Every structure is written in structure tokens, then in C-alpha cells.
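So the structure is just underneath, and the comments pick up after that.
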Amino acid sequence: MISLSSIQEAAKRIDSVIINTPLLESDFINKRSGGRILFKPECLQRTGSFKLRGAYNRIAKLTEAERKRGVVAFSSGNHAQGVAAAAAQAGTTARIVMPEDAPAIKIENTRSFGAEVILYDRATGDRAQIAKDIANETGAVMIAPYDDYAIMEGQGTIGLEIIESLRAKGLTTDAVICPAGGGGLLAGTSTAIKALSPETCIYSAEPEGFDDTARSLLAGQRLENAPGQSICDSIVTHRPGELTFPINQRNVTGGLVVTEDDVRLAMKAAFENLKLAIEPGGAAGLAAIMNGQYDCSGKVVVVILSGGNLGAGDFANHLNAAPG
């Protein structure tokens, strides 16, 4: 299991590599929501998402022998870039298994960090098995996207930074809303937040039809998503993680669910009012505020904007497709 102390150790380990992203707010969004909303923009993080935090924390723990064998990972994009950048920083090699229909910018960025990208057909291939085969053949160390305590500890540094930034402003927060896929960001962040601010409620935010965390929390067991695709590709997983889910059961108050139109509206609001380009999955938390899933009236709420890796054309298409 992870703890506040292990997350604090991770913060020391990754301090020289990551950006301590600020808390931002918008008068317009505050007025519309009736509360005070502070945004943690991990789209401004190195590699464009929070994923570098966990990836570097995990890779920094490799032995010298493991470092020589390199690492392997599978990802639709953000974890891929995080692992590639962390491996380059640590002086080891990386092989990344990515779907051939992943956003081109994510594939290009992963390669730009020096990683070898292995593309597969999402409809017929098994990315986890492909990565496992590579690990078995080469001796490379598998860097899991979320089901690894070291990964969760790295992501949990976001929770430490949130509380530190709030205290510097003389604030406490009623709630933290966090996009959720496999649950690593949610597990790490909620562990830190609950240790430092036990009264704060934690909520996951997911796209409609891929709300496995919300449904699993209600059911008390891990439930699966039906096969399909969402514009929120960065937070779509088969089901919550085996290691992450028990942590989130303990820490998370509930799950919020948003439509793709909600997400596009949130992307537009972030662009117009925060001057930030957020990818669809990264905007799920803001979408949950804007669609009324969470009532912010009279409350201080922190929303994690988990990533911004999206090509200019795709970004413009989403904004143009947002309801009027």
C-alpha cells in the first residue's frame, strides 16, 4: 500500500524532474459555479500530462542491472510519453506499445524522447500481452500505467502540491475532482489529500459509458466497461486497477459522469477562460462542474486538469463541435 510518507519520499525523488504546477482560477467560472474553483493544470507538466510523475518515480527505483535491460510499457499516449521522458532522463532505453490509431501527436512525442514505438491494431491486438512478450524476450522491466504502488506514489505528489498551494492561499478545500481511468492518479492523489485534509471529499470524473470507477464504487467490486471508444481516450480503461481500486474504495466519496458534449463544452471553457488547451479526458472534472453533477455553490473545489496532449486540428474540431 502507499502512504503519505511514501508519497513525500516520491516528491523528493522527482523534484528535479517535474514542474510544481500552480493552482489557477477564473472569475467567470467561479461566478457560473457559485463557488471558488481552483484548477491544477497538469497539461502544463513536462510531457503534457501528470504521467511523468509516476513514471519517473518508478524508473528511478530501478537497479543498475534493470536499467541496463531497459523498460517497456503500453499506453494510448500520456503514459507512453511519461515513460519515454523518464527513461531518457534516467539513462535507460524504452519500448512503448501504442495503438496505431492513437493521436498522432502522442506517437510523435513519444518517439521524440528517444523511445521505440511498437504500433498494434486496437481491434485485434492485446497491448498488455505484446508488452509482456517484449519483457520476456528482452528482460526489460514492465512499467505499468497505474497498477503499481510506485506509480501511484508519483501521481500522489499532485495531492501534496494541492494542499501546499491551498495553505499558501489560506484556504482549505471542500472537494477535489479527479479524472479517472485505471485509478492511479485518483489513488495517489486521494491518499495524500485524505492524510492532510481528512474532511475533503474526493470524486472521480469519467465519460458516460466508460464510468467503471463510478459503477464499481457503488457496487463494491470492480466492474468492466463494454467495448467501445470515447473522445476521452486518455481515461478509458477496461476496468479499475486491481491495486488502485481498494485504495479508491477507502478514499473516494463517489463518481461523477459526463457526456462527450459536456467534455467539449469544458474544453471550450478552459480555452476561453483559463487560456489552456485541455485534451478531452483531462477536462472531465471541469465538465462535471459545468453540467451540475457536482454542486459547487458556496464551496472551495479543486479540479485536476490531467493532460493536454491533443493536436491543433483535433482540438479545433472538438471546440467547433461543442454545443452553442
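Owing to the predicted nature of the structure, the values given are computational and were not obtained by experimental measurement. Side-chain atoms are counted along with the backbone in the values below, which use heavy atoms only and exclude waters and symmetry mates.
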| Can you tell if the side chain of Gln81 reaches within under 4.5 Å of the side chain of Lys106, non-hydrogen atoms only? | yes
In short, Arg222 meets Arg239 closest at the heavy-atom pair NH1-NE, 3.6 Å
Side chains of Lys68 and Thr92 in contact at under 4.5 Å (non-hydrogen atoms)
no
| message | Test your reading of the model: is there a side-chain donor-acceptor pair from Arg46 to the backbone of Val17, 3.5 Å cut-off? | response | yes
Under 3.5 Å, is there a donor-acceptor pair linking the side chains of Asn57 and Arg13?
yes
Review point. Any luck finding a side-chain donor-acceptor pair between Lys194 and Thr200 under 3.5 Å?
Key: no
Do Glu42 and Ser49 pair up side chain to side chain, a donor and an acceptor below 3.5 Å, judged on atom types alone? no
dist Ser26:OG -> Asn273:CG (nearest 0.5 Å) comes out at 4.0 Å
Next on the checklist: Between Glu100 and Arg122, does any side-chain N to carboxylate O distance fall below 4.0 Å?
Outcome noted: no
Residues Gln45 and Thr47: side-chain donor-acceptor under 3.5 angstrom:
no
Note: Tyr203 and Leu186 closest approach over all heavy atoms is O-CD1, 4.2 Å
Applying side chain to side chain contact (heavy atoms under 4.5 Å, CB included) to Glu137 and not counting sequence neighbours gives Asp133
>> Treating Lys40 as the side-chain partner and Thr21 as the backbone partner, does any N or O pair qualify as donor plus acceptor under 3.5 Å?
In response: yes
d(Leu52 CG, Asn78 CG) to nearest 0.5 Å is 11.5 Å
message: Between Thr157 and Arg53, do the side chains contain a donor N or O and an acceptor N or O under 3.5 Å apart?
response: yes
Taking only Lys NZ, Arg NE, NH1 and NH2, and the carboxylate oxygens of Asp or Glu, determine whether Glu9 and Lys12 approach each other closer than 4.0 Å.
yes
### Task
For the residue pair Leu4 and Thr191, establish whether any side-chain heavy-atom pair is separated by less than 4.5 Å.
no
Determine whether a donor-acceptor pair (N or O, by modelled atom type, separation under 3.5 Å) exists between the side chain of Ser216 and the backbone of Thr213. no
Original post:
After noting the C-alpha distance and the side-chain angles of Met1 and Arg250, does the key distance pass the side chain to side chain contact (heavy atoms under 4.5 Å, CB included) rule?
Top reply: CA-CA 12 Å; Met1 299 294 283; Arg250 184 175 68 248; 3.3 Å; yes
Short side-chain to backbone donor-acceptor contact, Ser230 and Asp233, under 3.5 Å: no
When every non-hydrogen atom of Tyr146 is compared with those of Thr244, the smallest separation belongs to O-CG2, 3.6 Å
Interatomic distance, CZ@Phe74 vs CD1@Ile118, rounded to 0.5 Å, equals 13.0 Å
Please tell me if the side chains of Val97 and Tyr120 come closer than 4.5 Å, counting only heavy atoms from C-beta onward. yes
In Arg215, Glu206, His238, the residue satisfying side-chain hydrogen bond (donor to acceptor under 3.5 Å, both in side chains) with Asn225 is Arg215
d(Leu265 CG, Glu260 CD) to nearest 0.5 Å is 12.5 Å
### Task
Test salt bridge (Lys or Arg N to Asp or Glu O under 4.0 Å) on Lys61 and Asp148 and set out the steps.
CA-CA 12 Å; Lys61 290 185 172 185; Asp148 183 305; over 6 Å; no
Review point. Side chain of Asp126, backbone of Gln129: donor and acceptor closer than 3.5 Å?
Key: yes
Apart from Val141 itself, its cluster of hydrophobic side chains linked below 4.5 Å comprises Ile59, Leu62, Val71, Val83, Ile96, Met98, Ile107, Val117, Leu119, Ile143, Ile151
Worksheet item: Taking Ser33 for the side chain and Cys296 for the main chain, is one N or O donor matched with an acceptor at less than 3.5 Å?
Response: no
Scanning both residues in full, the closest heavy-atom pair of Cys43 with Ala277 reads CB-O, 4.1 Å
Subject >> Side chain Arg67, main chain Ala90, donor-acceptor under 3.5 Å >> reply: yes
What one should report as the nearest heavy-atom pair of Val263 and Cys232 is CG2-SG, 3.8 Å
### Task
Take Ser197 and Glu199 through the test side-chain hydrogen bond (donor to acceptor under 3.5 Å, both in side chains) and record every step on the way to the result.
CA-CA 6 Å; Ser197 180; Glu199 69 283 359; 3.0 Å; yes
Parallel, tilted or perpendicular, as decided by the 30° and 60° cut-offs, for the rings of Phe271 and Phe315
perpendicular
Taking atom types as modelled, is there a side-chain donor on Asp261 or Thr259 under 3.5 Å from an acceptor on the other? no
| Between Glu279 and Ser234, a side-chain donor and acceptor under 3.5 Å | yes
Check: Is the side chain of Thr173 donor-acceptor paired with the backbone N or O of Val300 at a distance under 3.5 Å, no angle test?
Finding: yes
**Prompt:** Side chains of Ser306 and Pro179: closer than 4.5 Å at any heavy-atom pair?
**Reply:** yes
task: Mark yes or no for whether Asp262, through its side chain, and Val258, through its backbone, hold a donor-acceptor pair below 3.5 Å.
output: no
Query raised in the report: Taking C-beta and beyond as the side chain, do Leu44 and Ile19 meet within less than 4.5 Å on heavy atoms?
Result: no
- Message: I'd like to know if the side chain of Gln155 reaches the main chain of Gly54, judged simply by a donor and an acceptor atom lying under 3.5 Å from each other, with no hydrogens or angles considered.
- Response: yes
Are Val303 and Leu38 packed together at the side-chain level, in the sense that at least one heavy-atom pair is separated by less than 4.5 angstrom? no
Rounding to 0.5 Å, atoms CG (Asn291) and CG (Leu286) come to a distance of 10.0 Å
